[in-house]
Protein chains: 2
Amino acid sequence: MTLQPFNIGGLSRQTGVNIETIRYYEKIGMLPPPARSQGGFRQYEDHHIQRLRFIRRGRDLGFSIDSIRALLTLAERPDSPCEGADQMVLLHLDEVERKIADLTLLRDELRKMKNCCGQVVAQCQIIGSLTAPGSAQQDAI
Amino acid sequence: MTLQPFNIGGLSRQTGVNIETIRYYEKIGMLPPPARSQGGFRQYEDHHIQRLRFIRRGRDLGFSIDSIRALLTLAERPDSPCEGADQMVLLHLDEVERKIADLTLLRDELRKMKNCCGQVVAQCQIIGSLTAPGSAQQDAI
DNA sequence: GTTGACTCTGTAGTGGCTCCAGGGGCCATG
DNA sequence: CATGGCCCCTGGAGCCACTACAGAGTCAAC
Ligand SMILES: [Zn+2]
Ligand SMILES: [Zn+2]
Ligand SMILES: [Zn+2]
Ligand SMILES: [Zn+2]
């Protein structure tokens with residue numbers, strides 16, 4: 001536990017979050033504005049580390065800033081029910097699973113395309129499958 | 001083959017590409033500027049359809065605009081070798097495979113998290129795992 | 001000649017940062 | 001006291017690939 005407040009560089013080092021990103025989080029209201037030194041430097045304390053790590057962890061799990069905002073609000077009310085958080089995880093899991101499915105289809109298409117070895121463009125499978133209809137992915141409208 | 005030129009709406013309908021997107025592609029030099037009617041309406045011809053479909057297929061396969069630009073340049077020179085295209089497909093395939101791997105890890109994390117059913121925030125596994133990564137212990141934020 | 005669908009330009013917004021210019025603060029050394 | 005070097009400040013622009021307006025003009029049918 002640090003007793004002395006520290007500058008933005010210290011917070012950056014302790015969390016691995018870019019300085020510019022920290023200022024950005026403050027600007028959009030994700031991090032509470034810290035006290036300032038006489039010269040105008042931001043002075044952070046330990047609770048800022050906790051909050052920033054929470055945000056970071058959420059981002060690493062792919063949650064949007066808005067979702068993390070909601071999770072933070074929830075986390076600040078320990079006595080409230082946590083259905084909201086459950087919902088958000090389930091929704092996000094769905095989203096991730098859909099994204100994996102989409103990318104897997106894409107990967108298969110690309111694997112089919114990659115069997116062109118050193119021809120001329122006129123006979124190239126890759127250029128051909130982009131030019132001719134039906135070879136690439138189906139219309140997803 | 002259409003003999004008469006058509007407006008941007010027609011091009012949009014024939015390709016499934018948003019009108020605003022078509023204008024955007026022209027602005028960034030992906031689509032050649034078409035002729036104009038007396039009133040200033042864009043007048044497209046069949047080769048615009050071909051080119052726009054090429055772009056669309058490339059985007060559906062996840063290629064960046066710049067990659068597609070390069071592929072288009074290549075496609076316009078039927079006699080040149082196609083190694084460049086091969087390279088791009090391989091690179092992109094790598095990228096997609098890495099993305100799938102990342103998302104799969106994410107998915108597994110989220111699946112581990114989702115087993116919290118109707119507790120209070122103070123005991124919530126989800127909030128806990130965001131607060132203290134690696135363990136289910138909770139701390140004030 | 002009036003309606004109504006279509007199109008035009010230009011600008012701004014999205015998410016989540018990241019980078020930069022041009023200045024000020026802070027501490028140690030000479 | 002001055003200087004150097006590092007840290008920090010603000011405000012704004014840039015990234016990607018679109019998307020969404022506002023406000024004006026065009027065109028064909030009736
Ligand atoms: Zn999500
Ligand atoms: Zn080839
Ligand atoms: Zn790629
Ligand atoms: Zn819970």
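Just so we're on the same page: letters track the sequence lines, and every chain starts at 1. Computed over heavy atoms, backbone and side chain alike; hydrogens, waters and symmetry mates excluded.
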A:R57/A:D60 ion pair, N-O < 4.0 Å: no
Least distance between heavy atoms, B:L103 atom then A:V96 atom: O-CG1, 3.7 Å
Atom pair NE2 (A:H47) and CD (A:Q50), whose distance is rounded to the nearest 0.5 Å: 10.0 Å
For atom CD1 of B:I19 and atom P of D:dC21, their distance in whole Å: 15 Å
Touch class at under 4.0 angstrom, heavy-atom based, for B:I28 against every strand present: nothing
Distance in angstrom units between A:Q38 CD and C:dG25 C1', rounded: 12 Å
Tabulated below should be each protein N or O lying under 3.5 Å from an N or O of nucleotides 15-19 of chain C; please produce it.
from	atom 1	to	atom 2	distance (Å)
C:dC17	OP2	A:Y25	OH	2.8
C:dC17	OP2	A:R59	NE	2.8
C:dT18	OP2	A:T21	OG1	3.0
C:dC19	N4	A:E20	OE1	3.4

Nearest-angstrom distance from the residue atom OH of A:Y44 to C1' of D:dC7: 14 Å
Nearest-angstrom distance from the residue atom CZ of A:R13 to P of D:dC8: 7 Å
Exceeds 12 heavy-atom contacts within 6.0 angstrom, atom CZ of B:R111: yes
Residue A:R23 excluded, over 12 heavy atoms near CZ under 6.0 Å: yes
Presence of A:R23 side-chain N/O under 4.0 Å of D:dG12 phosphate oxygens OP1/OP2: no
Comparing A:G10 and B:S37 on DNA chain D - which has the more 5′ nearest nucleotide: A:G10
Nucleotide D:dC6, atom P - distance to CZ of A:F41 in whole Å: 15 Å
CD-OG distance between B:E95 and B:S67, expressed to the nearest 0.5 angstrom: 7.5 Å
Test item: B:N18 side-chain N/O and B:E20 main-chain N/O as donor-acceptor pair under 3.5 Å: yes
Any B:R42 side-chain N or O less than 4.0 Å from OP1/OP2 of C:dT7: no
Interatomic distance where CD belongs to B:E26 and C1' belongs to D:dA17 [whole Å]: 17 Å
Spacing of B:I8 atom CD1 relative to D:dC27 atom P, expressed in whole Å: 15 Å
